[in-house]
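Residue numbering restarts at 1 for every chain, and letters A, B, ... go by the order of the sequence lines.
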Amino acid sequence: MSKVKKIFNAPARIVDETLDGLVALSNGAVVREGMWPVLRRSVKRTGKVALVIGGGSGHEPMYTAFVGEGFADASVAGEIFAAPSPDQIAVAARAVDTGKGVLFVFGNYAGDVMNFEVASEILAEEGIRCATSLVADDAAIADPDLKRGIAGAVYQVKLAAWACEHLDTLDEVLAFVETAKKNLSTFGVAVRAGSLPHTGTPTFEIGDDEIEIGMGMHGERGVKRQKLPLADDLTAEITDHLVADLNLKAGDEIAVLLDNFGSATYAELMIVNRKMRMILNERGIVVSRFDIGAYFTCQEMSGFSLSFLRLNPDLKVALNAPAYVPGVGQFGGV
Amino acid sequence: MSKVKKIFNAPARIVDETLDGLVALSNGAVVREGMWPVLRRSVKRTGKVALVIGGGSGHEPMYTAFVGEGFADASVAGEIFAAPSPDQIAVAARAVDTGKGVLFVFGNYAGDVMNFEVASEILAEEGIRCATSLVADDAAIADPDLKRGIAGAVYQVKLAAWACEHLDTLDEVLAFVETAKKNLSTFGVAVRAGSLPHTGTPTFEIGDDEIEIGMGMHGERGVKRQKLPLADDLTAEITDHLVADLNLKAGDEIAVLLDNFGSATYAELMIVNRKMRMILNERGIVVSRFDIGAYFTCQEMSGFSLSFLRLNPDLKVALNAPAYVPGVGQFGGV
Amino acid sequence: MTNEVLSAAELRARLLRTCQSIIDSCDLLCQADRDLGDGDHGVTMARAFTAAKEGLEASAPVSAGADFSMIGSKLMGAGGTAGIVFGTWFSTLGRTVADRALDAGTLAAGMTAAAQNVQARGKVVLGEKTMFDALSPAVEALTAAVGNGADAALKQAAVAAKAGVDATRQMIATKGKAKTLGERSLGFPDPGAISVALIFEGLSTTA
Amino acid sequence: MTNEVLSAAELRARLLRTCQSIIDSCDLLCQADRDLGDGDHGVTMARAFTAAKEGLEASAPVSAGADFSMIGSKLMGAGGTAGIVFGTWFSTLGRTVADRALDAGTLAAGMTAAAQNVQARGKVVLGEKTMFDALSPAVEALTAAVGNGADAALKQAAVAAKAGVDATRQMIATKGKAKTLGERSLGFPDPGAISVALIFEGLSTTA
Ligand SMILES: Nc1ncnc2c1ncn2[C@@H]1O[C@H](COP(=O)(O)OP(=O)(O)O)[C@@H](O)[C@H]1O
Ligand SMILES: Nc1ncnc2c1ncn2[C@@H]1O[C@H](COP(=O)(O)OP(=O)(O)O)[C@@H](O)[C@H]1O
Ligand SMILES: [Mg+2]
Ligand SMILES: [Mg+2]
Ligand SMILES: [Mg+2]
Ligand SMILES: [Mg+2]
């Protein structure tokens with residue numbers, strides 16, 4: 001099996017140089033906190049609950065790049081597929097805390113949960129209050145405790161950012177995001193694994209005519225494997241699953257995020273979008289916002305996920321608030 | 001060698017369903033011209049030179065999706081890696097001509113040149129004047145006649161759109177774009193080929209430690225093959241090449257488009273960006289606009305290109321004019 | 001059997017077999033194009049000649065000229081380099097032959113005009129490693145053998161086309177997708193030339 | 001040679017060999033993690049134990065507690081699941097052992113506290129197919145053999161850890177990245193458990 005090649009200087013320098021690249025393109029909008037793998041807005045905001053996001057790297061632009069207007073105050077980047085350490089997380093939180101506490105938003109993975117937990121304990125001792133809103137949007141898994149955090153993170157972070165901007169206390173912010181995320185559900189599939197740059201080896205093998213259903217974001221496998229279906233059948237399966245998961249009804253309005261895991265082609269995403277629209281139209285479900293792009297990736301994994309966010313007037317305002325992060329540009333949807 | 005899998009219904013339906021997907025997400029902003037592989041703005045603009053872009057499919061979102069504010073009036077999509085036919089091109093031109101003539105912008109490939117040429121002859125007989133500004137930005141090739149049209153197309157189309165909007169005659173528009181494109185140069189590299197969905201076979205084989213330098217956009221190979229270098233060395237080689245090609249001097253201002261060919265990771269692009277910035281800073285060359293994304297792709301090819309556009313006051317205005325296409329969103333740069 | 005004049009029915013049968021032979025060569029032509037270009041030549045040719053075949057099947061064989069023209073417009077509508085180049089070939093052939101009986105002289109005149117139009121459209125000369133390097137010698141051989149009748153002339157053309165394909169191996173491409181390969185294009189036969197040889201083989205073969 | 005008390009120097013030597021053994025097992029641990037998780041366990045462990053090794057090399061061996069603590073904080077700083085879990089293990093061990101001489105009883109008490117903290121931090125119970133399924137039986141075996149001295153107890157622990165690794169093959173994961181695999185996680189040993197066994201092997205082996 002041939003190796004996967006990537007263009008880098010050394011695997012151990014990837015995270016560092018990615019952060020430097022982001023700073024370099026931002027025209028001063030974001031900076032690193034010392035030598036730490038922490039990106040933050042260069043101008044410290046005051047009088048608001050701070051939003052810190054993060055997790056393992058390798059999923060860029062999420063979480064690392066999503067620092068800026070309408071998104072996080074700081075992000076903390078672990079090594080590739082490895083949670084950041086407590087001291088790194090604490091550095092990020094200290095850098096942006098304004099005295100009103102810090103909301104952490106990150107994915108529901110053992111490593112992230114434990115590292116952010118220890119960081120929260122350290123920060124609590126210093127008098128910095130932290131709260132966590134876990135991203136756990138994976139519709140492929142029924143048990144809420146086991147749900148992974150996948151591409152819906154983009155929406156959850158955006159909603160959290162709005163709450164941090166507009167609500168007064170950490171408790172209110174947390175309550176808003178926790179309520180909002182009940183309306184969020186994501187389902188992913190992949191036909192080819194990504195690989196760790198250190199090894200150049202795909203994280204799983206898969207047959208020439210197979211697809212992994214209910215895919216996670218680290219190359220850890222999905223919930224089942226099946227023969228590669230037609231795009232329309234696959235789209236119908238995913239769309240139906242999400243509609244059922246959120247119990248969507250005719251007249252409901254949703255936002256849809258169609259995320260490219262890495263090497264899906266634009267045409268594949270359009271083919272999926274086409275069929276999804278047909279199904280939703282039939283059911284009277286209105287797509288009032290649509291985001292498409294490689295926002296939450298897993299190296300060169302080939303696949304995609306659909307995230308549905310059921311909207312209400314509050315969530316609509318929050319989701320549609322202006323957002324701009326240097327590494328991605330406007331995040332305005334269609 | 002394992003097959004490359006894609007999610008579609010049938011290879012022969014990919015182009016069609018991609019167009020339908022674009023229409024579906026556009027909220028009425030773009031429509032198809034009948035059953036033709038032609039996408040156009042739904043509201044016909046009047047009293048201006050019309051801009052029609054196109055070429056083979058498989059490079060999405062370019063050219064197909066770049067129809068809308070600040071971009072083309074219509075795009076015409078050939079089959080994957082195959083130029084559109086004269087009748088398809090003629091349909092696109094007729095749909096948007098306002099009597100002031102049509103500017104075609106497409107890549108310098110034999111198939112495109114011949115098909116657009118025949119279309120122009122047909123249209124001329126009907127009294128529709130057409131002119132062509134070929135995209136030929138490939139810095140890897142010295143001979144101007146042999147230069148391919150690669151990712152710089154995004155900038156060239158944007159400049160052409162501005163000219164069609166603000167200049168009066170087809171001749172003026174053509175002169176503006178032809179002059180502008182002298183400031184545009186692109187260099188691409190790839191470590192892995194993309195594949196045609198029909199065959200699932202990569203368009204070229206490449207060793208586990210090799211890179212193709214001076215890469216084209218169809219999986220046709222580059223100008224040379226070499227051992228995979230460090231990212232910094234590769235970036236220096238490309239940056240120096242572009243600086244020399246455009247004869248850039250200290251104090252010059254440029255726009256940079258860093259294009260993902262398909263499955264390059266965001267981190268790789270950031271690592272390249274980081275080094276490029278260091279080199280340009282040293283040389284006193286100012287990056288006053290930066291665009292990053294998978295704009296002009298070659299299926300799941302792994303690689304990227306850098307496009308430099310030397311700016312002057314006119315080009316700055318033209319490049320920075322507002323632009324929004326539904327399938328991509330705002331195109332505002334950083 | 002030697003045909004001094006190729007009847008419309010016989011030509012139709014040969015054209016249908018030619019279409020099928022191109023369709024069946026899809027993988028072979030794609031592989032040739034992977035060596036030199038973007039790997040799609042077989043797909044484009046198969047798409048084009050499927051359309052041509054369907055067009056033929058949907059119409060009665062009236063005249064050689066009509067059949068060639070029908071094929072030409074179907075190929076032209078298929079897009080790609082192959083579509084326009086092979087479409088120009090067959091369209092010109094159809095226009096030149098028109099409603100004349102297809103004897104060797106008419107065929108040679110039609111092919112000569114076609115090769116000229118292909119050359120003009122492609123701005124191509126001999127030695128650039130394109131389909132023209134098979135088409136041009138084939139048309140010359142056909143013209144040279146015109147005194148032997150249509151069948152014999154077509155057989156000569158097919159032989160020359162094959163030789164033309166072989167000759168492209170030694171050429172450095174300066175047109176088409178292979179033009180950037182430089183010396184790396186040496187050793188591989190041009191895919192479009194292979195298609196030309198397949199077409200002359202089809203046209204010259206009795207069932 | 002049986003050590004009734006492991007001297008700081010002897011412990012240091014064993015810790016350095018343990019670090020090296022983990023670093024050398026990078027590929028093996030990554031492969032195990034590809035079967036069940038995201039394929040990075042070896043990379044994270046190697047990064048963490050390289051930092052630990054460098055930390056040890058930069059300091060004189062003062063006490064067992066100090067060495068364990070130093071390793072704990074280096075692992076903790078390396079990030080990932082492995083960093084926090086193995087970091088919790090060694091930090092707790094260091095804190096509990098503190099500046100006491102490392103006899104079997106002190107070691108057992110430290111390991112027991114460490115296993116408890118790992119369990120609490122990971123919210124993990126036996127049978128969830130994690131490193132705890134090697135750590136917990138190893139610590140129990142060590143505690144049971146406490147009367148035989150530190151060396152013998154560590155050897156028992158190493159044996160139990162290996163058995164623990166084997167036992168994870170039959171478990172369905174409910175924690176960590178493998179938790180979504182369900183029955184597909186059967187048959188593969190847990191990568192974190194393999195690391196635990198490597199660590200006890202390192203700690204129990206004289207040069
Ligand atoms: N300028 C030209 N004139 C005539 N034939 C050409 C020219 N350029 C390329 N060709 C032919 O086209 C063939 C490739 O066809 P195809 O693969 O369908 O087109 P594309 O290069 O657009 O993918 C080449 O093998 C060559 O024979
Ligand atoms: N909740 C948990 N408590 C203790 N250990 C765990 C837990 N979850 C996972 N592990 C261990 O972590 C190992 C994986 O480590 P590693 O690959 O470094 O982390 P990640 O899963 O973040 O990639 C698993 O093999 C398992 O032994
Ligand atoms: Mg990991
Ligand atoms: Mg092609
Ligand atoms: Mg081709
Ligand atoms: Mg792992």
Side-chain angles (χ1 to χ4, degrees), chain A residues 1-9 14-15 17-22 24-27 57-58 60-61 65 189 191-192 197 208-209 211 228 230-232 234 262-274 277-278 290 292-294 297 299-300 302-304 326-327 329-330 332-334, chain B residues 1-9 13-15 17-22 24-27 57-58 60-61 65 189 191-192 197 208-209 211 228 230-232 234 262-274 277-278 290 292-294 297 299-300 302 304 326-327 329-330 332-334:
Chain A
M1 195 194 39
S2 74
K3 287 267 166 191
V4 178
K5 280 166 291 179
K6 301 224 166 94
I7 293 162
F8 51 69
N9 294 303
I14 291 175
V15 174
E17 294 180 353
T18 300
L19 287 160
D20 287 344
L22 278 164
L25 70 75
S26 80
N27 297 321
S57 292
E60 290 73 29
V189 297
V191 293
R192 189 174 70 112
D208 269 5
D209 58 347
I211 183 168
L228 187 63
L230 291 183
D232 281 359
L234 180 65
S263 65
T265 58
Y266 190 90
E268 291 170 275
L269 302 185
M270 278 303 118
I271 292 168
V272 168
N273 173 53
R274 169 185 169 277
R277 301 282 178 154
M278 294 169 94
F290 183 65
I292 178 171
T297 64
Q299 299 294 306
E300 76 284 8
S302 183
F304 68 88
Q330 302 283 349
V334 185
Chain B
M1 195 196 39
S2 74
K3 286 267 166 191
V4 177
K5 281 166 290 181
K6 300 223 168 96
I7 292 162
F8 51 68
N9 294 303
R13 283 169 56 189
I14 290 175
V15 174
E17 294 180 355
T18 299
L19 287 160
D20 287 344
L22 277 165
L25 70 74
S26 81
N27 298 321
S57 293
E60 290 73 30
V189 296
V191 293
R192 190 175 68 112
D208 268 5
D209 58 348
I211 183 169
L228 187 63
L230 291 184
D232 280 359
L234 180 66
S263 64
T265 58
Y266 190 91
E268 291 171 275
L269 302 185
M270 278 304 116
I271 292 168
V272 168
N273 173 55
R274 170 185 168 276
R277 301 281 179 154
M278 293 168 93
F290 182 65
I292 176 170
T297 65
Q299 299 294 305
E300 75 284 7
S302 184
F304 68 88
Q330 301 284 349
V334 185

[X] versus chain A, heavy atoms under 4.5 Å apart: side chain, backbone, both or neither?
{"X": "Gln299(B)", "result": "both"}
{"X": "Phe8(B)", "result": "both"}
{"X": "Ser263(B)", "result": "both"}

For [X] and [Y], work out which heavy atoms get closest and say how close.
{"X": "Gly21(B)", "Y": "Asn273(A)", "answer": "O-ND2, 2.9 Å"}
{"X": "Ile14(B)", "Y": "Ala267(A)", "answer": "CG2-CB, 3.8 Å"}
{"X": "Gly327(B)", "Y": "Tyr266(A)", "answer": "O-OH, 2.7 Å"}
{"X": "Lys5(B)", "Y": "Val191(A)", "answer": "NZ-O, 2.8 Å"}

Once you round to the nearest 0.5 Å, how far does [atom1] of [X] lie from [atom2] of [Y]?
{"X": "Ile7(A)", "Y": "Ile211(B)", "atom1": "CD1", "atom2": "CD1", "answer": "4.5 Å"}
{"X": "Leu19(A)", "Y": "Ile271(B)", "atom1": "CG", "atom2": "CD1", "answer": "10.5 Å"}
{"X": "Arg274(A)", "Y": "Leu25(B)", "atom1": "CZ", "atom2": "CG", "answer": "13.0 Å"}

If I measure from the heavy atoms of chain B, does [X] come under 4.5 Å with its side chain, its backbone, both, or neither?
{"X": "Ala65(A)", "value": "side chain"}
{"X": "Leu22(A)", "value": "both"}
{"X": "Glu300(A)", "value": "both"}

Between Asp232(B), Ile292(B), Val4(B), which shows the greatest number of heavy-atom pairs under 4.5 Å with chain A?
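Option with the greatest count: Asp232(B).
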If you count heavy-atom pairs under 4.5 Å between each of Pro326(B), Pro61(B), Gly262(B), Gly293(B) and chain A, which one has the most?
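Among the listed options, the one with the most contacts to chain A is Pro61(B).
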side-chain hydrogen bond (donor to acceptor under 3.5 Å, both in side chains) with Asn27(A): which residues, sequence neighbours excluded?
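In terms of side-chain hydrogen bond (donor to acceptor under 3.5 Å, both in side chains), with neighbours along the sequence ignored, Asn27(A) is linked to no residue.
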Walk me through it: do Met278(B) and Asp20(A) pass the test side chain to side chain contact (heavy atoms under 4.5 Å, CB included)?
CA-CA 11 Å; Met278(B) 293 168 93; Asp20(A) 287 344; over 6 Å; no
Close side-chain approach of Glu60(B) and Thr265(A), heavy atoms under 4.5 Å:
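Glu60(B) vs Thr265(A): side chains apart.
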Going by salt bridge (Lys or Arg N to Asp or Glu O under 4.0 Å), name the residues that satisfy it together with Arg192(A), two or more places apart in sequence or in a different chain.
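With neighbours one apart ignored, the set is empty.
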Can a salt bridge be assigned to the pair Asp208(B) and Lys3(A) using a cut-off of 4.0 Å between side-chain N and carboxylate O?
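Result for this pair is no, no salt bridge flagged.
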So, the side chain of Asn9(B) versus the backbone of Leu230(A): is there a donor-acceptor pair under 3.5 Å, distance only?
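Flag not set: sc Asn9(B) to bb Leu230(A) has no pair under 3.5 Å.
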